[in-house]
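Every heavy atom of this structure was used, including side-chain atoms; hydrogens, water molecules and symmetry mates were not.
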Amino acid sequence: MPGQRYGEPAGIFRARGRRTGIDFGPARNRGPERLPRMTVPDASASLAGFTIGITAARRAEEFATLLTRRGASVVSAPAIRIIPLADDTELERVTEELVADPAQITVATTGIGFRGWMEAAEGWGLAEQLRSALGGTRMLARGPKAKGAIRAAELREEWSPASESSAEVLDHLLAEGVEGVRIAVQLHGATTEWEPIPDFCEVLRCAGADVVPVPVYRWEPPADRGPMDQLIEAIVTSAIDCVTFTSAPAVASMLMRAKETGVLEGVLHALRSRVPAACVGPITAAPLEELGVPTTMPGRARLGALARHVAEELPRRAGRINASGHTISVRGACVVVDGTVKQLAPAPMALMRSLARQPGRVVSREDLLAALPGGGDDTHAVETAIARLRAGLGTPKAIQTVVKRGYRLAMDPAECTDNNADSAPLPAVPPRNARYVRTVVPG
């Protein structure tokens, strides 16, 4: 929800013994909200022909570069807006409270969050007092980045888990007993309606601890919802091949927007069937898995590892159709024919998706007309789009006309499969608005 403060999320219990998801912290000031960008890659790389959605607010350009170097086209629509720490009056209040009444234990969960807290305290004239207060506490670091930030502040951690897991930090605290102990916890992650399991702080409270949450991040939905609406539409219509998430708040923000616009079920249907959700780690994935959405993630919760994982996973999952002696693979925004990427206009691309959902089966002109952007009632539009599709593919015989019935992919009957599950009707999507589309071709 707007202004949601996000702390150690519920997913820690699901992630017990596994690496947790990461959040990349507050964004640099880049001026006004950006419109979604599509970056067109080198067609010779391993992800050529795949279109990938990015929801990251921070390090989005770096992540896009990692993907486009592997050949992907990228559509970027930041799902959240981070409130700058220096403007966060709640963090300033908590900092003053800890200076006046220091905690006995302080838990640092992310390096960028801890550094940001120290920098914000510097701006408020509280840096020395905060450093002195923290120096008298037992410092626990969730991972090496948090450990590095503690040492950069000229402090020293007492303990850090090898697993980088919040669950292991929690186990460590509970094992030694926390009843009556004042514990400051630097929050990260999100606790929303999409993450119903009790969070890190609540478990400590139930064990008798006096917990002081330190809200180093707060997030809001982006001021301009248009780019997110476009990405949601692309998910529902399978116009992208994969959507990526690098923080649980981004997942929560997208789900909330889909619910507000009445397309949540369409989004969930697509994510469960045709558009894989790639998450940086299990905490980021937890809200989706709670809703029965399968996710895929790398072994290490790192941005580079996520890019490599996507580059390995998408080609492995790509479906291939043998039609008229050619190998065809339908991607979100293009078709790959015998290893060559074929960029198609929206109308022929829409017909190709419809035909590919039922390979080898006849699709009527009326059904194909309904699939065309803008619809209409003139079936001659279908004939025109089919002609453009054949020309675009460069393999005219791959699309077969079935007299008085419609069209089909020219497959051997033994190879035909029934994909009716994927062609089930979906809920309505937000209307497309061309002003949100911008394509950038690297020079």
Side-chain angles (χ1 to χ4, degrees), residues 5-25 103-114 137-150 157-179 181-192 194-217 245-252 279-291 293-302 305-306 309:
R5 191 174 289 114
Y6 61 101
E8 181 64 34
I12 56 176
F13 298 100
R14 182 193 309 279
R16 199 173 291 274
R18 300 168 64 190
R19 294 187 181 275
T20 58
I22 56 175
D23 181 88
F24 297 110
Q104 295 163 269
I105 299 174
T106 300
V107 179
T109 56
T110 64
I112 194 167
F114 190 83
T137 74
R138 297 168 54 202
M139 299 285 299
L140 306 184
R142 181 178 66 87
K145 292 185 178 181
K147 184 190 301 184
I150 290 171
E157 81 287 349
E158 176 185 285
W159 178 83
S160 180
S163 67
E164 303 178 37
S165 166
S166 297
E168 190 173 348
V169 175
L170 184 61
D171 286 343
H172 179 82
L173 290 170
L174 295 176
E176 67 179 34
V178 295
E179 186 171 0
V181 179
R182 184 170 170 83
I183 304 175
V185 179
Q186 174 220 318
L187 303 178
H188 86 294
T191 303
T192 68
W194 312 107
E195 296 172 286
I197 308 173
D199 65 12
F200 188 99
C201 295
E202 186 60 28
V203 174
L204 291 176
R205 289 192 185 98
C206 290
D210 173 17
V211 180
V212 182
V214 181
V216 294
Y217 306 131
F245 298 97
T246 54
S247 69
V251 176
C279 300
V280 76
I283 284 184
T284 298
L288 293 170
E289 292 180 353
E290 197 69 32
L291 295 169
V293 173
T295 60
T296 183
M297 68 188 76
R300 281 178 59 82
R302 299 290 184 268
L306 178 59
H309 179 73

### Task
Mark yes or no for whether Q186, through its side chain, and T109, through its backbone, hold a donor-acceptor pair below 3.5 Å.
yes
#### Entry: L288 and F245, any side-chain heavy atoms less than 4.5 Å apart
yes
### Query
Is there side-chain contact between M297 and L306, with heavy atoms separated by less than 4.5 Å?
no
### Task
Side-chain contact test, heavy atoms from C-beta onward, threshold under 4.5 Å: evaluate it for T284 versus T246 and give yes or no.
no
### Message
Is the shortest side-chain heavy-atom distance between W159 and V169 below 4.5 Å?
### Response
yes
#### Entry: Rounded distance (nearest 0.5 Å) linking atom CZ of R142 with atom OG of S163
9.0 Å
### Message
Run the side-chain contact (heavy atoms from CB on, under 4.5 Å) test against T137 and tell me which residues pass, sequence neighbours left out.
### Response
T106, M139
### K145 vs T110 side-chain heavy atoms within contact, under 4.5 Å
no
### Side chains of D171 and S165 in contact at under 4.5 Å (non-hydrogen atoms)
no
### Under 3.5 Å: donor-acceptor pair, side chain of S160, backbone of A141
yes
### Query
Should the heavy atoms of other residues, nucleotides or ligands under 6.0 Å from CD of E176 be counted, would the total exceed 12?
yes
### Task
Answer whether the closest heavy-atom distance between the side chains of V107 and L173 falls below 4.5 Å.
yes
### Message
My understanding is that only residues two or more places apart in sequence, or in another chain, count here; which of them pass side chain to side chain donor-acceptor pair (under 3.5 Å) with Q104?
### Response
none
### 4.5 Å side-chain heavy-atom contact, R182 and V212
yes
### Message
If you compare all heavy atoms of I150 against all heavy atoms of L140, which two are closest, and at what distance to 0.1 Å?
### Response
CD1-O, 4.4 Å
## Note on the structure
Closest non-hydrogen atoms of L187 and P213, given as atom of the first, atom of the second and distance, are CD1-CB, 3.7 Å
### Task
Return the minimal non-hydrogen interatomic distance between A305 and P298, and the atom names on each side.
O-CB, 3.6 Å
#### Entry: Non-hydrogen atoms of R205 and V211 that approach each other most closely
CG-CG2, 3.7 Å
#### Entry: Distance in Å, E158 CD paired with H172 NE2, rounded so as to fall on 0.5 Å steps
6.0 Å
